[in-house]
Amino acid sequence: MKIALAQFNPTVGDFPGNSARILSFAEKAKERGADLAVFSEMCVCGYLPQDLLERPAFIERNEIAVREIAEKAILPVVVGYAGRISNGTGKSIANRAALLCGGRVVFEQSKMLLPTYDVFDESRYFQPAESQRAYEFGGERLGITICEDAWNDKNFWDKRLYDRDPVVELVKQGTSVLLNLSASPYILDKRSLRVRMLQSIAVHQGRPVVYVNQVGGNDSLIFDGASFALTAKGEIAAQAAAFEEDLVLFDTAGGTGEIHAQPDEEMAYAFRALVTGTRDYVRKCGFKKVLVGLSGGIDSAVVAAIAAEALGAENVLGISMPGPFSSEGSKADAKELCRNLGIEFVSIAITGVFDAYRKALAPVFGARPVDVTEENIQARIRGNYLMALSNKFGSMVLSTGNKSELSVGYCTLYGDMAGGLAVISDVPKLMVYELANWMNRERELIPRSTIEKPPSAELRPNQKDVDSLPPYEVLDPILKAYIEDLQTPLEIAKRYGFDIELVRGIAALVDRNEYKRKQAAPGLKITSRAFGFGRPFPIAQKFVP
């Protein structure tokens, strides 16, 4: 059997658009000689639909779309959707895969293993499958699994999350080919994990494995695609492109297929993820153009470069907003960055407005000394400028704070946090520098002086980040250990040899600033634990680890 791995970019709730893409891919697969086209998890409605799944009309549209695709498809296809089930008790819908052939649904399989960690909360919506069934089709015995169903291999994981293994149950039924419909979000280093995990299944079960992943961005989640097929020996026989719609064929008889090139560096992969997430979030929310406030610093420079790549330089406006403490170097760097990227540059000073604020507030402030209040006023003036331009021009503001700053609250509510998308809010500061250097590998896009100068908010004379924070070489490892690895301050101090009081202070800052993060723009997730709905921590709490 020749199986087409059909990898496309769905939009949540766009039933006409998603259905049209499925039919188009099926037609292309038929023209290229495929016997079956396999699509990704919940491709009919798009993943992750969240509480749209609780709306009866949304489920009805899923089922109508599946029937219409079955009637129109000129090739047998396997698609994922959300559909009603009748189990008597429990949830009334399931995460399903449907084999469509000859104008009708000939076979369906529900997802058995429902993840409830990180961004996943599938038990909230779905009833798990009670059993797995293999299905005879086209000379093969197909074993259809859905994403998490393949993530419980006892030969690969030291600790398994589930008692049952759908793959083993299918193999016992004589499955000859294992199919996995997936919507597996990208995080750093995950692609190699997926390959190794599925290779373990292919080798230990002695079956070829076809893995088809969603591609594109939906809100905070970025799906890298990179679908592939493995022979029974665990060799990659077919490979779709990363972060692009693609169609590749795999021949189960010969164990051969098409292999498309992948980014060979993790930094290149991460860059493509951020570009994809930015492009799809902006466009799927109905915007064409974006605004980026440019400080002359590394963070805003990297965000502007990502935006230019994602949306085209003609759709990005860089706004320099110099204040009383902005250095000449920073102002020059912002202008040079725009010239290098080919984006439009505008400069609007904030000093006059800042002076007016201070004058208006002076009678109330009285003799109290200048402090962080005046710094935050400058940031909020800039936020107001950006949102005014956003309203006037119908452009989305991209906020520029990185994960290190957001973690410890080194950011200003309604100031530099203002915006529609926080592009690098899951990118630690040191990685921001790595991205900048990677972007400059062929020619200088981000000014060298931007990369080399000490980081500073420039909100008071001679200000440097290290005045308020440890060096990022110290801060970033502490944050990763505390936020992503869930280690205690004592464990972190012992692991790195850091002073325990320093680590406790950083941990306290992380906990104390949850209220800021709850009010931040949605950010793009690229690490194992990003701020957002996958990390639901309380704001009002007094637990000390």
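Just the heavy atoms: all of them, side chains too, but no hydrogens, waters or symmetry mates, feed the values below.
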With sequence neighbours left out, the residues meeting side-chain hydrogen bond (donor to acceptor under 3.5 Å, both in side chains) with Thr527 are Lys403, Asp426
- Query: So, does Asn315 use its side chain to make a donor-acceptor pair with the main chain of Lys289 at under 3.5 Å?
  - Reply: no
Salt bridge present between Lys494 and Glu491 (N-O < 4.0 angstrom): no
Quick one: do Lys525 and Asp118 make a salt bridge, cutoff under 4.0 Å?
-> yes
| field | Salt bridge flag under 4.0 Å for residues Arg124 and Asp51 | value | yes
Output for pair (Asn437 CG, Met267 CE), nearest 0.5 Å, gives 9.5 Å
query = In terms of the angle between their ring planes, are Tyr496 and Phe498 parallel, tilted or perpendicular, with boundaries placed at 30° and 60°?
reply = parallel
I'd like to know if Arg21 pairs up with Glu245 as an ion pair, taking the criterion as any Lys NZ or Arg NE/NH1/NH2 lying under 4.0 Å from an Asp or Glu carboxylate oxygen. yes
Under 3.5 Å, is there a donor-acceptor pair between the side chain of Gln262 and the main chain of Ala240?
yes
Contacts of Cys338 meeting side chain to side chain contact (heavy atoms under 4.5 Å, CB included) (sequence neighbours excluded), chain-then-number -> Leu294, Ile343, Phe345
Across all chains, not counting sequence neighbours, the side-chain hydrogen bond (donor to acceptor under 3.5 Å, both in side chains) partners of Arg504 are Glu501
For Asn440, the side-chain hydrogen bond (donor to acceptor under 3.5 Å, both in side chains) test, sequence neighbours excluded, returns none
Taken to the nearest 0.5 Å, the spacing of Phe223 CZ from Gln214 CD works out to 4.5 Å
Return all side-chain donor-acceptor pairs below 3.5 angstrom for residues 530-539, not counting sequence neighbours, or 'none' if the list is empty.
from, atom 1, to, atom 2, distance (Å)
Arg535, NH1, Glu514, OE1, 3.1

Smallest heavy-atom separation, Lys190 atom then Pro185 atom, equals NZ-O, 2.9 Å
request  = Before accepting this row, confirm whether a basic side-chain N of the pair Asp299/Lys429 lies closer than 4.0 Å to the acidic partner's carboxylate O.
outcome  = yes
Charged N to carboxylate O below 4.0 Å: is that the case for Glu266 and Arg191? yes
query: Are Lys335 and Ser320 close enough that a side-chain donor and a side-chain acceptor fall under 3.5 Å?
result: no
Validation: residues 457-464 side-chain donor-acceptor distances under 3.5 Å, sequence neighbours left out:
from, atom 1, to, atom 2, distance (Å)
Glu458, OE1, Ser327, N, 3.4
Glu458, OE1, Ser330, OG, 3.3
Glu458, OE2, Ser327, OG, 2.9
Glu458, OE2, Ser330, OG, 2.9
Arg460, NH1, Glu375, OE2, 2.7
Gln463, OE1, Glu458, N, 3.3
Gln463, OE1, Leu459, N, 2.8
Gln463, NE2, Glu375, OE1, 3.3

task: Evaluate the ring planes of Phe8 and Phe25, with Trp represented by its six-membered ring, and classify them as parallel (under 30°), tilted (30 to 60°) or perpendicular (over 60°).
output: tilted
